[in-house]
Amino acid sequence: ELRRLLYEDPKSESLRLTQSIAALMFQFCGMSFADLAHLEKSALDCNVLRYNRIKTRTPMSVEVLDTAKEVMNQLRNSQPSRPGCPDYLFGILSGNKKRKDERAYREYQSALRRFNNHLKSLARALRLASPVTSYTIRHSWATTAKYRGVPIEMISESLGHTFIKMTLIYLKGF
């Protein structure tokens, strides 16, 4: 079902966009939607994304594989930056509000709700039996990594967890 979620054509342009965001989250080691949405253009350095996690401020770096470059170009924000506002890499958030503005947080919450609703529509269109949310993608990446023999410590670090206990919760059903 994961392969179908990420790669089967949903035959809808808006669902393809949702699928592209989900695919990037998975390819970027289970990156959270919050981190993906808040990535700034300055985070991309050659073929590496360098950023601090939104939730924990943990410094992160993720290699951008060739398979992700085309999807990134599709989603790339082409709007010029505004003074004092973030210059987002992707067009998920508008970038027309200052970072600490309450309206910016509300915009993010709305984007997350919209993305999760679109994921549900994508799952229906692809006739998937499992429920799908932004967290499903994160958990699926962790489970896939564990299944392929990646050590739990590396999975934990890749997810940006500060404690391995959190990663073990993700892998509990494994």
Side-chain angles (χ1 to χ4, degrees), residues 1-8 10 15-77 86-93 108-109 111-116 118-120 122-123 126 128 130-174:
E1 282 197 328
L2 179 63
R3 179 173 283 121
R4 289 176 53 212
L5 175 74
L6 298 178
Y7 303 111
E8 188 174 302
L15 293 180
R16 280 188 203 105
L17 177 67
T18 299
Q19 189 176 49
S20 294
I21 293 169
L24 280 184
M25 290 170 61
F26 189 84
Q27 289 183 40
F28 294 157
C29 301
M31 181 183 283
S32 72
F33 180 79
D35 290 340
L36 187 79
H38 288 96
L39 282 175
E40 294 192 38
K41 291 175 184 170
S42 61
L44 185 58
D45 180 18
C46 294
N47 289 332
V48 178
L49 285 170
R50 298 179 200 289
Y51 64 99
N52 291 324
R53 287 226 40 228
I54 294 295
K55 190 173 181 179
T56 61
R57 305 304 307 155
T58 305
M60 303 290 293
S61 60
V62 177
E63 182 180 3
V64 177
L65 302 175
D66 289 339
T67 54
K69 288 178 185 174
E70 184 180 325
V71 176
M72 287 179 67
N73 287 334
Q74 287 176 321
L75 299 174
R76 193 175 296 265
N77 175 18
D87 190 13
Y88 293 125
L89 180 59
F90 303 118
I92 297 169
L93 301 173
Y108 161 72
Q109 288 178 315
L112 176 60
R113 259 190 314 278
R114 189 170 45 256
F115 179 64
N116 280 319
H118 290 171
L119 281 174
K120 287 177 186 173
L122 177 61
L126 297 175
L128 303 181
S130 303
V132 180
T133 68
S134 61
Y135 282 107
T136 305
I137 298 157
R138 212 162 143 70
H139 286 257
S140 295
W141 180 84
T143 302
T144 301
K146 177 65 179 158
Y147 179 75
R148 292 189 172 192
V150 176
I152 291 175
E153 295 81 6
M154 188 175 280
I155 295 169
S156 184
E157 185 178 326
S158 296
L159 291 170
H161 289 162
T162 48
F163 300 102
I164 289 181
K165 277 186 174 182
M166 178 58 70
T167 308
L168 293 174
I169 291 169
Y170 272 53
L171 299 171
K172 190 176 184 181
F174 179 75

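Index from 1, following the sequence.
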N116 (side chain) donor-acceptor with S134 (main chain) under 3.5 angstrom: yes
Side chain E63, main chain N47, donor-acceptor under 3.5 Å: no
Beyond-backbone contact of L89 with E40, side-chain heavy atoms, under 4.5 angstrom: no
M72 side chain near F90 side chain, heavy-atom distance below 4.5 Å: yes
R50 (side chain) donor-acceptor with S61 (main chain) under 3.5 angstrom: no
Distance-minimising heavy-atom pair for A37 and I92: CB-CG2, 3.7 Å
From L65 atom CG to Q27 atom CD, the distance as rounded to the nearest 0.5 Å: 6.5 Å
Nearest-0.5 Å distance that lies between atom CG in L5 and atom OG in S140: 8.0 Å
H38 and Y108: CA distance, side-chain angles, deciding distance, ring-ring contact (aromatic ring centres under 6.0 Å, His included) verdict: CA-CA 9 Å; H38 288 96; Y108 161 72; 5.3 Å; yes
Smallest separation among heavy atoms of L171 and K146, with atom names: CD2-CB, 4.0 Å
Any side-chain heavy-atom pair of L44 and R76 under 4.5 Å: yes
Closest non-hydrogen atom pair between Q74 and S20, with its separation: OE1-OG, 3.6 Å
Pair M166-S156, side-chain contact (heavy atoms from CB on, under 4.5 Å): steps then yes or no: CA-CA 8 Å; M166 178 58 70; S156 184; over 6 Å; no
Over 12 foreign heavy atoms within 6.0 Å of NZ, K41: yes
Any pair counted as salt bridge (Lys or Arg N to Asp or Glu O under 4.0 Å), so long as it reaches residues 157-168, sequence neighbours left out: none
L75 CG to L24 CG distance, which is reported to the nearest 0.5 Å: 5.5 Å
E70, CD atom: more than 12 neighbouring heavy atoms under 6.0 Å: no
Any pair counted as salt bridge (Lys or Arg N to Asp or Glu O under 4.0 Å), so long as it reaches residues 19-37, sequence neighbours left out: D35-R53
Closest heavy-atom pair and its distance - A142, L159: CB-CD1, 3.9 Å
I137 side chain near F33 side chain, heavy-atom distance below 4.5 Å: no
Point-to-point distance, once rounded to the nearest 0.5 Å, from OH of Y88 to CG of N77: 10.0 Å
Considering all heavy atoms, the nearest A34-I54 contact: O-CG1, 3.8 Å
Residue R148 excluded, over 12 heavy atoms near CZ under 6.0 Å: no
Separation of H139 NE2 from T167 OG1 (nearest 0.5 Å): 10.0 Å
Shortest non-hydrogen contact from A22 toward F115: N-CZ, 4.1 Å
Test side chain to side chain donor-acceptor pair (under 3.5 Å) applied to T133 - qualifying residues, sequence neighbours left out: T136
From CE (M31) to CG (L36), nearest 0.5 Å: 6.0 Å
Result of checking L122, L119, L126 against L15 for side chain to side chain contact (heavy atoms under 4.5 Å, CB included): L122
Exam field: side chain Q19 to backbone P10, donor-acceptor pair closer than 3.5 Å: no
